[in-house]
Structures are given as structure tokens and as C-alpha cells.
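Have a look at the structure below before the remarks.
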Protein chains: 2
Amino acid sequence: MRYSKQRELVHASIMSSKDHPTADRIFSEVKKEIPKISFGTVYRNLGQLVEHGFIRIIQLDGITHYDGNVDPHNHFICNECNRIYDFELDNEDFISQVEVKNHHHVSGYQLMVTGTCNKCNIN
Amino acid sequence: MRYSKQRELVHASIMSSKDHPTADRIFSEVKKEIPKISFGTVYRNLGQLVEHGFIRIIQLDGITHYDGNVDPHNHFICNECNRIYDFELDNEDFISQVEVKNHHHVSGYQLMVTGTCNKCNIN
DNA sequence: AAAATAAATAGTAATCATTACTGTTTAGTT
DNA sequence: AACTAAACAGTAATGATTACTATTTATTTT
Ligand SMILES: [Mn+2]
Ligand SMILES: [Mn+2]
Ligand SMILES: [Zn+2]
Ligand SMILES: [Zn+2]
């Protein structure tokens with residue numbers, strides 16, 4: 001993977017966002033630095049960064065968000081402010097449930113919890 | 001919601017499938033009975049059936065699947081045969097974890113477990 | 001039973017996110 | 001400095017879904 005300024009900025013944009021930005025958002029962000037950058041470049045680099053394990057994707061209502069946190073974790077989506085929060089689980093009890101009750105072999109999972117976040121919840 | 005043969009068949013197609021078909025698959029299925037049916041009709045009726053709670057949707061890799069089972073349950077996707085299985089959980093431990101550790105209010109969740117299903121797992 | 005009304009339809013055009021293509025530029029190598 | 005392949009900008013194409021429109025049809029009203 002040869003160096004390119006555009007990939008560096010795409011990556012930096014995701015890492016600094018803490019949010020879980022879409023390709024669209026990343027494009028706008030990087031465009032400030034490189035006004036001539038094109039969508040194709042953003043998508044190509046996002047694909048490569050995912051492929052090399054620098055970032056990961058999460059799907060939300062059919063659109064793709066990018067996540068700079070590649071450690072295993074889950075997401076909470078506030079349906080008031082639409083922010084996406086990370087959270088971790090102590091024990092993934094449901095994995096063993098699926099394995100013993102359904103006799104499937106589990107290799108991964110994706111959990112998406114929705115509700116009202118603590119910031120929106122001050123009442 | 002006025003009766004229509006096309007909606008009846010769209011609904012019947014989902015209910016009889018046990019699989020979790022896409023709009024595309026439902027279209028092909030209903031087309032056998034009503035060759036002149038259009039995609040617009042399929043999508044419009046799917047939307048209405050969801051709206052009225054007769055079916056629900058699940059997103060998988062950005063494409064929408066339809067589910068005739070509206071009781072709360074989760075999904076296991078086999079990455080060998082690509083079948084989508086239903087399963088239920090005994091206690092949703094992670095809900096309380098999110099509520100007490102992150103102080104969010106949980107209203108729902110979506111869990112997607114991946115791996116190798118019991119049928120593909122006979123080795 | 002005929003007329004009226006509004007919902008649903010078929011067919012097609014438009015949208016939106018994403019991917020593919022193409023000729024040009026550029027990072028890294030010889 | 002010359003070379004080469006990767007990456008680029010720009011643009012066209014794709015695929016799933018939604019929107020539009022003139023026509024048909026289920027249901028209500030006369
Ligand atoms: Mn995350
Ligand atoms: Mn299901
Ligand atoms: Zn919130
Ligand atoms: Zn399988």
C-alpha cells in the first residue's frame with residue numbers, strides 16, 4: 001500500500017471524529033484540505049483501510065458508517081440525537097446460548113441497541 | 001387499507017417462505033401468479049405491511065430482507081450456506097448492562113450472530 | 001345495479017449510495 | 001533521471017429503492 005496524502009487524511013478524519021461518520025461526511029471533511037478530492041478516492045481508500053484492518057464498518061438503516069475503533073465493541077444508537085455510542089459487554093452470554101441451544105458454531109456477532117442516550121435523557 | 005390481490009400474494013409469499021426473502025425474491029415469486037406485477041407495487045405493499053406490523057425488516061450487508069415473524073427474536077447468519085436462522089434468547093442480559101453502566105434508556109435492539117450453521121457443520 | 005370515489009396498480013423516471021472505468025499524476029525503485 | 005505500478009480526479013455505470021402519472025379497480029353511495 002503506497003503512501004498517499006488523501007488516504008492519510010481519510011484515515012485521520014475517521015480517527016479524530018469519535019463519531020461514526022459516513023463516506024459523505026468524510027468526503028466533506030477531507031475536501032477542506034484537498035478540494036479536488038473525488039468520491040471515488042474516498043471510497044477506494046475506505047475500502048483499503050477496512051481491508052487492512054485499520055478501520056471497520058457498521059451498517060445503520062442500510063447506509064455505511066466507518067469506525068476507527070477496531071477493538072470488539074458494540075453500538076448504541078440514540079433515536080433522539082442520532083448519536084452512535086460505543087459500549088462493551090462483560091460476558092457475551094448469548095454466544096453460548098446459540099451454540100448449545102441451536103448447535104451452530106459462532107464466529108462473530110453484531111449488536112445494535114437503540115433507545116435514548118444519557119444526554120437526551122435528562123428529564 | 002383496501003384489499004388487493006397483489007398485497008395478499010406479497011404477504012403470502014413472505015409467510016410461506018420461512019426464509020428471509022428480499023424484495024427481489026418476493027417479486028419473482030409473486031410474478032408467477034401475477035406476471036404483470038411491478039417492482040413499485042411490491043415495494044409499496046412491503047412498506048404498508050411493515051407499517052401495519054404484519055411483517056418486519058432486517059438489514060443484512062445493506063440490503064433489506066423481510067420477515068413474517070414479528071415476535072421478538074434474533075438472527076443467525078451462516079456464512080457458508082448464507083441461510084438466516086431465527087433464535088430466541090432466555091434473558092437479554094446486555095440490556096441491563098447498557099442501562100446501568102452507560103445510563104442510557106434502552107427501547108430495543110438488533111442482534112445478528114454469524115458463523116457456521118448446524119447443517120453446514122457436520123464434519 | 002349504475003355511478004361515484006378514492007386507493008391501488010403498471011409502467012416508467014428519478015434518486016441515492018456505491019462501484020467501475022479511463023486517462024493522468026505521482027510515490028517509490030532501479 | 002528514467003521507469004513502473006499504484007493512486008488519483010473525473011465521470012459513467014450500477015443496483016436498490018422511491019417517486020410520479022395515467023389507468024384500473026375495490027368499495028361506498030345513490
Ligand atoms: Mn464504534
Ligand atoms: Mn426472523
Ligand atoms: Zn441522544
Ligand atoms: Zn449453513
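Note on naming: letters A, B, ... go to the chains in the order of the sequence lines (proteins, then strands), and numbering restarts at 1 for each one. Values reported hereafter were calculated over all heavy atoms of this structure, with side chains retained and with hydrogens, waters and symmetry mates removed. Since the structure is predicted, the reported quantities are computational estimates derived from the model, not experimental observations.
- Along DNA chain C, the nucleotide nearest A:Gly62 and the nucleotide nearest B:Lys36 are compared for position; the residue whose nucleotide lies closer to the 5' end is B:Lys36.
- Two residues, B:Met1 and A:Ile37, neighbour DNA chain D, and the one matched to the more 5' nucleotide by heavy-atom proximity is A:Ile37.
- Atom CG in B:Asn45 sits about 13 Å away from atom C1' in C:dA10, given to the nearest Å.
- Where B:Tyr3 and A:Lys5 each meet DNA chain D at their nearest nucleotide, the meeting point lying more 5' is that of A:Lys5.
- B:Phe27 places its CZ atom 14 Å from the C1' atom of D:dG15, with the value rounded to the nearest Å.
- At the heavy-atom level, B:Asp24 lies nowhere under 4.0 Å from the strands shown.
- The side chain of B:Ile63 has D:dA16 as its nearest neighbour among D:dA16, C:dA17, C:dA10.
- Atom P of nucleotide C:dT24 and atom CD of A:Gln6 are separated by 18 Å, given to the nearest angstrom.
- Two residues, B:Thr41 and B:Arg2, neighbour DNA chain C, and the one matched to the more 5' nucleotide by heavy-atom proximity is B:Arg2.
- In this structure, the CD atom of B:Gln48 is 13 Å from the P atom of D:dA19, given to the nearest Å.
- Residue-environment remark: NZ (A:Lys101) exceeds the threshold of 12 foreign heavy atoms within 6.0 Å.
- Closest to the B:Tyr43 side chain, of the nucleotides D:dA16, C:dA27, D:dA7, is D:dA16.
- Atom CZ in B:Arg7 sits roughly 6 Å away from atom P in C:dT9 (whole-Å rounding).
- Judged by distance alone, the side chains of A:His105 and B:Asn121 never bring a donor and an acceptor atom under 3.5 Å apart.
- Without hydrogens or angle criteria, B:Arg7 side chain to B:Arg44 main chain gives no donor-acceptor distance under 3.5 Å.
- Counting to the nearest Å, the P atom of C:dA17 and the CD1 atom of A:Ile58 are 17 Å from each other.
- Nucleic acid contact class of B:Thr64 (heavy atoms, under 4.0 Å, all strands): sugar-phosphate only.
- In summary, the side chains of A:His65 and A:His75 do not present any donor paired with an acceptor at a separation below 3.5 Å, with no hydrogens or angles considered.
- B:His20 and B:Asp86 form a side-chain donor-acceptor contact under 3.5 Å, judged by distance and modelled atom types alone.
- As judged by a 4.0 angstrom heavy-atom cut-off over every strand, A:Gln59 is placed among residues making no nucleic acid contact.
- Atom CD of A:Glu8 is separated from atom C1' of D:dA7 by 15 Å (rounded to the nearest Å).
- Look at B:Ser4 and you'll find a side-chain N or O under 4.0 angstrom from OP1 or OP2 of C:dT9.
- Distances from the side chain of B:Arg44 to the nucleotides D:dT27, C:dT9, C:dA10 place C:dT9 closest.
- Note: CD1 (A:Ile34) to P (D:dG10) measures 12 Å, nearest angstrom.
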